[in-house]
Asks: 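Please see the structure below; I have some questions.
Hydrogens, waters and symmetry mates are skipped; everything else that's a heavy atom, side chains included, is used.
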Amino acid sequence: MNIIVTRKHFLPNCTIGSLEIVRNDTPTKCVRFCETLEPHSINWNRESKVKGKTAIPCGQYKVRYQFSKKFGQKMPFLQNVPHFNGIMFHAGNYPKDTEGCILVGEHPTAKNGVVLPLLNNSRKCFAALNNLIYEADKNGEEITVTIRDIHEFS
C-alpha cells in the first residue's frame with residue numbers, strides 16, 4: 001500500500017494537503033481519502049528546520065507500527081525521515097497539534113477564497129486510516145508514504 005500526501009496550500013503556520021491511497025491489489029487506482037495538515041513546509045535548499053514548526057522533507061518513507069509514549073499505543077510511524085524522529089500519522093485539528101507529524105481529517109471549504117488552517121473530523125479520519133494501515137500490515141504488505149509538493153509539477 002502506498003499513501004500519497006500531496007501538499008497544496010502553503011500557509012505561514014501550516015501546510016494543507018490531500019491524502020490518497022494506492023492499494024497493492026489495484027495499483028492503477030488511486031483513491032482520495034482525506035486531507036492533511038502539517039507544519040510549515042520549507043525549501044530545504046534555502047531554509048533551515050525550526051524544531052516543532054517545520055514539515056518533513058518530500059520523499060518516500062516506509063511506515064511501521066511502533067509504540068508511542070504520547071498516545072500510549074502502537075501508531076503508524078514513518079521510518080528514516082531526514083532531520084526528524086518520531087514522525088507519525090495521528091489525529092489533530094490545528095497547527096498547534098503537530099510538531100512535524102501528519103494530521104489527517106476533513107478540510108473545510110475556504111471562506112471567501114481564504115484557506116483555513118484547520119481540519120475537522122480528525123479522529124474519525126485517523127481511525128479509518130489507521131485501520132487500513134493495520135490491515136495492510138497484518139497482511140504482510142509493504143506500506144510506504146510518498147510526500148510531494150504540488151509545485152513540483154508546475
Asks: Using side chain to side chain contact (heavy atoms under 4.5 Å, CB included), reason through Ile3 and Ile133 one step at a time and then give a plain yes or no.
Replies: CA-CA 9 Å; Ile3 299 165; Ile133 294 170; 3.8 Å; yes
Asks: Below 4.5 Å, heavy atoms only, C-beta onward: do Ile42 and Val50 meet side chain to side chain?
Replies: no
Asks: Can you find a heavy atom in the side chain of Glu38 that is under 4.5 Å from one in the side chain of Thr98?
Replies: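 They are not in side-chain contact.
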Asks: Examine distances only and state if a side-chain atom of His107 and a backbone atom of Leu116 form a donor-acceptor pair shorter than 3.5 Å.
Replies: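 Confirmed, His107 side chain pairs with Leu116 backbone.
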Asks: Drop me the distance from Glu106's CD to Asn121's CG, to the nearest 0.5 angstrom.
Replies: 4.0 Å
Asks: Do Tyr61 and Leu129 sit in the same hydrophobic cluster, where Ile, Leu, Val, Met, Phe, Trp and Tyr count as joined when their side-chain heavy atoms come under 4.5 Å apart?
Replies: yes
Asks: Looking only at non-hydrogen atoms, find the nearest pair between Ser122 and Ala91 and report the distance.
Replies: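 Heavy atoms of Ser122 and Ala91 come nearest at OG-CA, 3.2 Å.
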Asks: Quick one: pull up CD1 in Ile102 and NE2 in His90 and give me the separation to the nearest 0.5 Å.
Replies: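 Interatomic distance, Ile102 CD1 to His90 NE2, rounded to 0.5 Å: 9.5 Å.
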Asks: For residues Tyr134 and Asp137, determine if any side-chain heavy atom of one lies less than 4.5 Å from a side-chain heavy atom of the other.
Replies: no
Asks: State the SG-CZ distance between Cys14 and Arg7, to the nearest 0.5 angstrom.
Replies: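 CZ of Arg7 is found 11.5 Å from SG of Cys14.
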Asks: What heavy-atom pair brings Pro95 and Pro117 nearest, and what distance separates the two atoms?
Replies: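 Pro95 and Pro117 have their closest heavy atoms at CD-O, 3.3 Å.
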Asks: Is there a path of hydrophobic side-chain contacts, each under 4.5 Å between heavy atoms of I, L, V, M, F, W or Y residues, that connects Phe126 with Leu119?
Replies: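 No; Leu119 is not reachable from Phe126 via cluster members.
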Asks: Heavy atoms only: give me the nearest Cys30-Val22 pair and the separation to one decimal.
Replies: SG-CG2, 3.8 Å
Asks: If hydrophobic clusters are built from ILVMFWY residues whose side chains come within less than 4.5 Å, do Phe33 and Met1 share one?
Replies: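 Yes; tracing contacts between hydrophobic side chains, which count when under 4.5 Å, links both residues.
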Asks: Verify, without hydrogens or angle tests, whether Thr15 (side chain) and Ser41 (backbone) share a donor-acceptor contact under 3.5 angstrom.
Replies: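 Side chain of Thr15 to backbone of Ser41, a donor-acceptor pair under 3.5 Å: yes, one is there.
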Asks: Looking at Asn139 and Glu135, would you say the former's side chain and the latter's main chain have a donor-acceptor pair under 3.5 Å?
Replies: yes
Asks: Is the shortest side-chain heavy-atom distance between Ile147 and Pro57 below 4.5 Å?
Replies: no
Asks: Pairs under 3.5 angstrom only: tabulate donor-acceptor contacts from the side chains of residues 69-82 to other protein residues two or more places apart or in another chain.
Replies:
unit_1	atom_1	unit_2	atom_2	d
Gln79	NE2	Gln66	OE1	2.7
Gln79	NE2	Phe77	O	3.3

Asks: Supply the atom-to-atom distance Asn43 CG to Phe10 CZ, rounded to the nearest 0.5 angstrom.
Replies: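 Asn43 atom CG to Phe10 atom CZ measures 11.0 Å (nearest 0.5 Å).
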Asks: Using a 6.0 Å cut-off, check whether atom NZ of Lys53 has over 12 heavy atoms from anything other than its own residue.
Replies: no
Asks: Is there side-chain contact between Val31 and Arg23, with heavy atoms separated by less than 4.5 Å?
Replies: no
Asks: Is it true that a side-chain atom of His40 and a backbone atom of Leu11 form a donor plus acceptor pair closer than 3.5 Å?
Replies: yes
Asks: Can you hop from Val104 to Phe84 via hydrophobic side chains spaced under 4.5 Å?
Replies: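 Yes, one cluster joins them.
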Asks: Does Val5 share a hydrophobic cluster with Ile87, counting links as ILVMFWY side-chain heavy atoms below 4.5 Å and allowing steps through other members?
Replies: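 Yes: a chain of side-chain contacts under 4.5 Å links Val5 to Ile87.
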Asks: So, Tyr65 versus Asn130: side-chain donor-acceptor pair below 3.5 Å or not?
Replies: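 Yes, because at least one side-chain N or O of Tyr65 sits under 3.5 Å from a partner of the opposite role on Asn130.
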Asks: When rounded to the nearest 0.5 angstrom, what distance separates SG in Cys125 from CG in Leu19?
Replies: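 If I round to the nearest 0.5 Å, the distance is 9.5 Å.
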Asks: Quick one: are Asn93 and Leu118 in side-chain contact, heavy atoms under 4.5 Å?
Replies: no
